[in-house]
Amino acid sequence: MEILLYLVGIVFMLIGLGLSIGLHEIGHLVPAKLFGVRVGQYMIGFGPRLWSKRIGETEYGFKALPVGGFISMSGMYPASDGKPVRGLFASLVQDARSANDETIADGAEDRVFYRLPVWKRIIVMLGGPVMNLILAVVIFTVLASGIGLQQGTTTIAGVTECVLPAGTTQTECAAGDPASPAAEAGVLPGDVLVSIDGQRVADFADATEIVQASPGKTLDMVVSRDGEDVHLSITPITAERTLTDAGGQPRLDEDGEQIVAEVGYVGMSAQMGFVPQPLGTGVEMAGQNVARVGELIVQLPVKLWDVGVSLVTGTERDPDGPLSVVGVGRLAGEVAATDAPILNRFVVLLSLLGSLNIALFVFNLIPLLPLDGGHVVVALWDGIRRAWAKLFRRPPPAPVDATRLVPLTVVVAVVLIAMGALLMIADVVNPVNLFQ
């Protein structure tokens with residue numbers, strides 16, 4: 001059964017990845033067609049063709065390797081002028097120009113990408129990453145507002161009989177240990193918090209905030225017990241405790257150490273549950289993920305070096321480091337096979353898919369060819385040259401011939417392939433383990 005669940009997790013992520021890639025390419029396809037560009041192919045995957053069907057002038061299909069996708073637009077670059085190309089990389093440039101010329105169909109010379117106004121070219125190229133961002137926001141909104149984030153609810157799970165010192169390994173109450181304020185007040189497991197000190201509480205975080213701010217103060221507390229409201233009086237004591245967030249996880253300082261402070265304490269814990277959040281929470285979560293992925297990309301050379309070191313030495317991988325498709329699939333399988341409620345596993349899988357789309361969004365904005373950000377830079381440079389010529393009343397310059405950047409594009413492509421190979425090998429030989 002565990003193996004079957006593992007496979008279910010992998011299939012879930014493969015379908016999600018295929019959907020993400022497909023929507024990315026639709027983000028390019030739709031504006032390109034709206035702006036009149038001829039699109040010859042729309043493909044999900046690379047390598048050998050598995051299936052395809054021509055609809056109108058466009059061939060739609062799937063290829064064997066689900067690690068990306070593409071659309072083939074007519075005339076990404078200006079048509080070649082027939083003059084021989086000279087230089088160290090002449091053959092590469094000439095091959096790129098020949099391949100580009102083949103996309104320009106007879107009678108459709110005006111329906112080419114490079115002739116579009118700069119703003120339209122930017123919209124076409126940003127359409128793909130933006131689709132991934134939109135999908136991520138939708139996923140995180142479903143998680144946060146549709147299902148809810150896991151945090152302490154207003155239902156009491158347990159009441160501590162006595163007050164134990166912070167950080168102690170003691171698990172049983174001794175004769176001299178003082179009774180906890182919650183036990184003295186008569187709080188029982190299963191009680192549902194209604195209000196504390198006249199303030200209604202929506203979750204356990206609200207209750208914790210009131211209690212921690214009120215050491216030594218007697219508070220009126222209303223709980224719902226067996227369908228009836230019960231009024232209790234509770235006086236938090238001053239105790240040294242580890243501060244926690246809304247999800248019950250310890251809060252950390254800048255050095256990654258748990259924050260300990262003297263606060264009000266009563267000795268009761270909450271049942272964990274999924275609490276729906278405001279609609280804007282999904283956008284906030286997407287923004288936080290964008291920031292994290294951006295930091296990861298800035299540190300990518302160092303992170304990749306660490307992956308290489310861990311691959312050679314067998315040391316533990318950084319759980320916040322980069323992963324390949326193989327690594328994401330393994331994590332999805334492990335999550336699906338974990339001994340946890342189905343909803344919890346589904347939430348983690350959706351979260352992984354949302355984070356994957358954020359990664360696709362940010363990574364494709366890197367301003368290097370062949371990534372979408374590189375094509376945006378070419379379009380912007382073309383626009384700057386035209387604006388400069390117009391400012392000084394000069395003839396419009398010829399469109400930027402990006403085939404001259406083919407050597408740089410090849411270098412970037414080789415680096416990306418090498419990076420992907422390193423991560424795939426590491427994810428097979430020394431994978432990230434989140435469930436130790």
Side-chain angles (χ1 to χ4, degrees), residues 5-6 8-24 26-27 128-155 157 201-206 208 244-252 270-296 319-323 325 327-364 432 434-435:
L5 289 173
Y6 190 94
V8 167
I10 293 177
V11 171
F12 175 90
M13 196 53 60
L14 284 176
I15 293 174
L17 177 61
L19 177 64
S20 303
I21 294 171
L23 288 175
H24 178 101
I26 285 177
V130 168
M131 283 294 285
N132 290 124
L133 178 61
I134 292 173
L135 182 56
V137 169
V138 170
I139 290 173
F140 287 129
T141 300
V142 169
L143 283 173
S145 302
I147 298 174
L149 299 182
Q150 194 170 38
Q151 56 187 235
T153 66
T154 55
T155 301
V201 292
D203 51 41
F204 198 71
D206 289 346
T208 300
T244 58
D245 58 21
Q249 299 301 312
R251 288 166 53 186
L252 306 179
Q271 288 184 8
M272 300 300 291
F274 291 98
V275 179
Q277 306 296 310
L279 278 176
T281 306
V283 176
E284 294 177 8
M285 292 174 65
Q288 293 166 359
N289 271 266
V290 168
R292 282 197 292 267
V293 174
E295 291 176 3
L296 175 62
D320 295 324
L323 297 172
V325 175
V328 174
R330 289 191 67 152
L331 281 183
E334 291 176 4
V335 168
T338 301
D339 184 15
I342 293 177
L343 182 59
N344 295 57
R345 287 179 275 179
F346 179 66
V347 164
V348 176
L349 288 174
L350 268 186
S351 182
L352 274 174
L353 185 58
S355 298
L356 178 62
N357 274 274
I358 291 295
L360 290 173
F361 166 70
V362 177
F363 191 76
N364 273 284
V432 172
L434 299 181
F435 304 98

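Computed from heavy atoms alone, side chains included, the values below leave out hydrogens, waters and symmetry copies.
The side-chain hydrogen bond (donor to acceptor under 3.5 Å, both in side chains) contacts involving residues 342-358 comprise Ser20-Asn357, Asn132-Asn357, Asn289-Ser355, where partners must be two or more places apart or lie in separate chains.
For Glu284, there are no side-chain contact (heavy atoms from CB on, under 4.5 Å) partners, not counting sequence neighbours. By the side-chain contact (heavy atoms from CB on, under 4.5 Å) test, Leu279 pairs with Thr141, Ser145, sequence neighbours left out. Residues forming a side-chain contact (heavy atoms from CB on, under 4.5 Å) with Thr281 (at least two apart in sequence, or on another chain): Ala144, Leu149, Gln277, Pro278, Met285. Applying the side-chain contact (heavy atoms from CB on, under 4.5 Å) criterion to Leu19, with sequence neighbours excluded, gives Leu23.
Note: Leu360 CG to His24 NE2 = 7.5 Å, rounded to the nearest 0.5 Å. The distance from atom CG of Leu350 to atom CG of Leu343, rounded to the nearest 0.5 Å, is 9.5 Å. Expressed to the nearest 0.5 Å, how far CD1 of Ile358 lies from CG of Leu135 amounts to 9.5 Å. Going from atom CZ of Phe204 over to atom CG of Asp206 covers 11.0 Å, rounded to the nearest 0.5 Å. A distance of 7.5 Å separates CD of Glu334 from OG1 of Thr338, quoted to the nearest 0.5 Å. Note that CG of Leu17 and CG of Leu352 are 12.0 Å apart. Values are rounded to the nearest 0.5 Å.
Surrounding CZ of Phe346 are at most 12 heavy atoms belonging to other residues, nucleotides or ligands under 6.0 Å away.
Of all heavy-atom pairs between Gly354 and Ala136, the closest is O-CB, 3.7 Å. Nearest heavy-atom pair, Ala286 versus Val137, reported as atom, atom and distance to 0.1 Å: CB-CG2, 3.8 Å. Nearest approach of Phe274 to Ile147, heavy atoms of both residues: CB-O, 3.4 Å. Here the shortest heavy-atom pairing between Thr153 and Ala270 reads O-CB, 3.4 Å. Considering every non-hydrogen atom in both Met13 and Ala332, the closest pair reads CB-CB, 3.8 Å. Considering every non-hydrogen atom in both Leu5 and Ala337, the closest pair reads CB-CA, 3.9 Å.
Proximity of Leu143 to Val347: side-chain heavy atoms (C-beta onward) are separated by under 4.5 Å at one or more points. In this structure the side chain of Phe361 never reaches within 4.5 angstrom of the side chain of Ile134, judged on heavy atoms.
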